[in-house]
Amino acid sequence: MTANKHLIIIGAGIGGLSAGCYAQMNGYRSRIFERHSLPGGVCTGWKRKGYTFDGCMHHLVGCSPAARTHRMWRELGAMPRPVHFPEDLIGIENTQGKRFIVYTDLDRLEAHMRALAPADGKVIREFVSAARRLTRFSVMDMLLATPWKMVEALPYMGLMGKWGKRTLEQLGGRFTDPFLRRAMGMIQYDFPDMPALIALMFLAGCASGNFGWPAGGSLAFASAIAERYVALGGEITYRAPVETIMVEEDTAVGVRLSDGSEHRADVVISNADGRTTIFDMLEGRYTTPLIHAFYDNPPQQQEMALHVSFGLARGFPDEPHMLVLWLPEPVEIAGQHCDRLDIEFFNFAPEMAPAGKTAVQVVAPASYDDWQALSPAAYRAEKARVAETITTCLERRFPGFAAQVEVTDVATPLTTERFTGSFKGYQAWGIPGQTMLHALMGKGLSKTLPGLTNFHMVGQWAGGLGLPNVAAMGRKVIADLCKRDGQRFTTTQA
Ligand SMILES: Cc1cc2nc3c(=O)[nH]c(=O)nc-3n(C[C@H](O)[C@H](O)[C@H](O)COP(=O)(O)OP(=O)(O)OC[C@H]3O[C@@H](n4cnc5c(N)ncnc54)[C@H](O)[C@@H]3O)c2cc1C
């Protein structure tokens, strides 16, 4: 019976919290050890002088009550809650001030694109029609679909195949209008290699009200799940880094914390950083060639790894919530050559700033190794230099910006590493031979390790990208344990 089984979960990221909540719903006795003083892992935010700066969420899948993922968020206590639905997916502005706003109202988007590029009607119609079709289908809901419900995907396979093969940059190449030709590559987080399908999924999700932004942002969202876990009888111990997963006869039997205390369990689930889990906590005894290939080849740099946040004593009512701003001259930001800035205006979420003010963020790629090589003094100086460079660019575009800044905050990959223990402060990166869609659908590195029993991994390092994905993995690991224990998997809502 599950009631006698103890589960230890390492890490209170969304994957670990989800596993904990479903464990409690199913009669397991679980305990989470978290190295930080807060829940959420990379799904986090931080307060500075009345502003809240968000470190994670741009879009949450599962905001529509009709979505399966919404039901999961309700089970986890994260929904219902107020949700913001910005009018745009993103905006792109060139150096002459010409703007392409990717409106989430698809009729408005089509009219806007046709006005910008009248000669490109055919490709515009094709693109917007594909988005319209996808409003009727949520790919992410397949994460929670029973095998026979998977047939819902069948009518969309052709569409997904067609748009999944083409990157946004390649799609841009079909435009004759020079502005849209370049701008199309930037409509999904400014990642030109992104399959066009991903942008279409986001656009369709926003248009149908399934992709939104929960009020309060990432930390409030994670905290709601942590509260649900505790309300279900779970126990979270913060500031409790796990150092070792104890193993007897190739069976995980508990954990040893950095204070030397030992805690035994029938099953250990790690939500912590994969490299630390596999090579430190388990000393590399249970691996595969794929695991080695993955961790031996981390990326040199990662997108969105640098967050430069500003608290501004002004509103930005006319700005899209995300803006790719092309710069008249390139600048160097933390060793990266940048000809544009990716700006986020939290104008759509007034709770993130004092009344009449706005939290503004610039995200940029960053290299952990570059930041790590700096001495403490040089590191501080470089952070100040980065903030100053960006302020100068924004002052030019938004006169008065510099004087209106009330607070500045720079978070580097080292900041993320310090708070979450993530290897190099990076998110899990792509697995050789797998696409972005594989990652979104929870494929990836193994969720167990060869030769080790009573051990599981959940979260980004076990395969999969994004909040619904890691939460669904937490749900699935408990459903699998229930099956193994001969018990029906049950869920409840808060
Ligand atoms: C900049 C950015 C933007 C993103 N935007 C979105 C978005 O818009 N939508 C979306 O759905 N997803 C987004 N994501 C992805 C999403 O946030 C992640 O996929 C998800 O939060 C990962 O959760 P996780 O549970 O796998 O792990 P993590 O968040 O990595 O949590 C792991 C936890 O383990 C703890 N831990 C580590 N080592 C130990 C140890 N030794 N002992 C105890 N505890 C330990 C850590 O402190 C942490 O709390 C974004 C991520 C980033 C970084």
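Note: hydrogens, waters and symmetry copies are ignored here, and every other heavy atom, side chains too, is used. Counting convention: from 1, in listed order, for ligands and their atoms alike.
Taking atom 8 (O) of ligand 1 as the reference point, the nearest protein heavy-atom neighbour is H58 N, 2.7 Å. The shortest contact between atom 34 (O) of ligand 1 and any protein heavy atom is with G11 CA, 3.3 Å. Among all non-hydrogen protein atoms, the one lying nearest atom 5 (N) of ligand 1 is C56 O, 3.1 Å. Closest to atom 52 (C) of ligand 1 among all protein heavy atoms lies Q427 NE2, 3.3 Å. Looking only at protein heavy atoms, the nearest one to atom 18 (C) of ligand 1 is V42 CG2, 3.9 Å. When only non-hydrogen protein atoms are considered, atom 19 (O) of ligand 1 lies nearest to G466 N, 3.2 Å. For atom 41 (N) of ligand 1, the nearest non-hydrogen atom of the protein is V242 O, 3.0 Å. In this structure, atom 23 (O) of ligand 1 lies nearest to the protein heavy atom V470 CG2, 3.8 Å.
T416 and Y368 share no side-chain donor-acceptor pair at under 3.5 Å. Side-chain polar atoms of D141 and T69 form a donor-acceptor pair below 3.5 angstrom. Side chain to side chain, T287 and Y295 fail the donor-acceptor criterion of an N or O pair below 3.5 Å. The closest side-chain donor-acceptor pair between N210 and S208, if any, does not fall under 3.5 angstrom. Side-chain contact of Y189 with E303: a donor-acceptor pair under 3.5 Å is absent, judged by distance alone. A donor and an acceptor atom, one from each side chain of S218 and T44, are nowhere located under 3.5 Å apart.
Aromatic rings from H307 and F53 are positioned such that their centres are separated by 6.0 Å or more. Ring centroid separation for the pair F85 and H321 does not come in under the 6.0 Å cut-off.
Paired with F310 under the rule side chain to side chain contact (heavy atoms under 4.5 Å, CB included), one option of I343, T408, V407 passes, and it is T408.
Residues R484 and D480 are not paired through a salt bridge, judged by the lack of any N-O separation under 4.0 Å between the basic side chain and the carboxylate. Salt bridge absent: R285 and D250 never bring a charged side-chain N and a carboxylate O closer than 4.0 Å. Comment: R256 does not engage E243 in a salt bridge, judged by the lack of any side-chain N to carboxylate O separation of less than 4.0 angstrom.
Closest heavy-atom approach to atom 48 (C) of ligand 1 within the set E34, Q361, R418: this belongs to E34. Considering M304, Q460, M281, H59 only, the shortest heavy-atom separation from atom 28 (P) of ligand 1 involves Q460.
No part of E243 comes within 4.0 Å of ligand 1, judged by heavy-atom distances. If you look at M57 next to ligand 1, the close heavy atoms, those under 4.0 Å, all belong to the backbone. The backbone and the side chain of L467 each have at least one atom closer than 4.0 Å to an atom of ligand 1 (non-hydrogen atoms only). At a heavy-atom distance under 4.0 Å, atoms from both the backbone and the side chain of R35 approach ligand 1.
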Applying side chain to side chain contact (heavy atoms under 4.5 Å, CB included), run through Q427 and V42 and close with a yes or a no. CA-CA 8 Å; Q427 291 190 70; V42 299; 5.5 Å; no
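When each atom of ligand 1 is checked for a heavy atom of G15 under 4.0 Å away, the hits are 25 (O). Heavy-atom proximity to N271, at under 4.0 Å, picks out these atoms of ligand 1: 24 (P), 25 (O), 26 (O), 27 (O), 31 (O), 32 (C), 33 (C), 34 (O). Near G13, with a cut-off below 4.0 Å to any heavy atom, the atoms of ligand 1 are 25 (O), 31 (O), 33 (C), 49 (O). Of all atoms in ligand 1, numbered sequentially from 1 with element shown, those under 4.0 Å from a heavy atom of G459 are 26 (O). Annotation for ligand 1: atoms under 4.0 Å from non-hydrogen atoms of G40 are 29 (O). With ligand atoms numbered from 1 in the order given, ligand 1 contributes 47 (O) to contacts under 4.0 Å with heavy atoms of F419.
Using a non-hydrogen distance threshold of 4.0 Å, G474 does not register as a contact of ligand 1. Contact analysis puts Y189 in contact with ligand 1, with a non-hydrogen atom separation below 4.0 angstrom. Residue contacts with ligand 1 leave out A305, since none of its heavy atoms falls under 4.0 Å from the ligand. Distances shorter than 4.0 angstrom occur between a heavy atom of I14 and an atom of ligand 1.
Using a 4.5 Å heavy-atom cutoff, the side chains of I225 and I14 are in contact.
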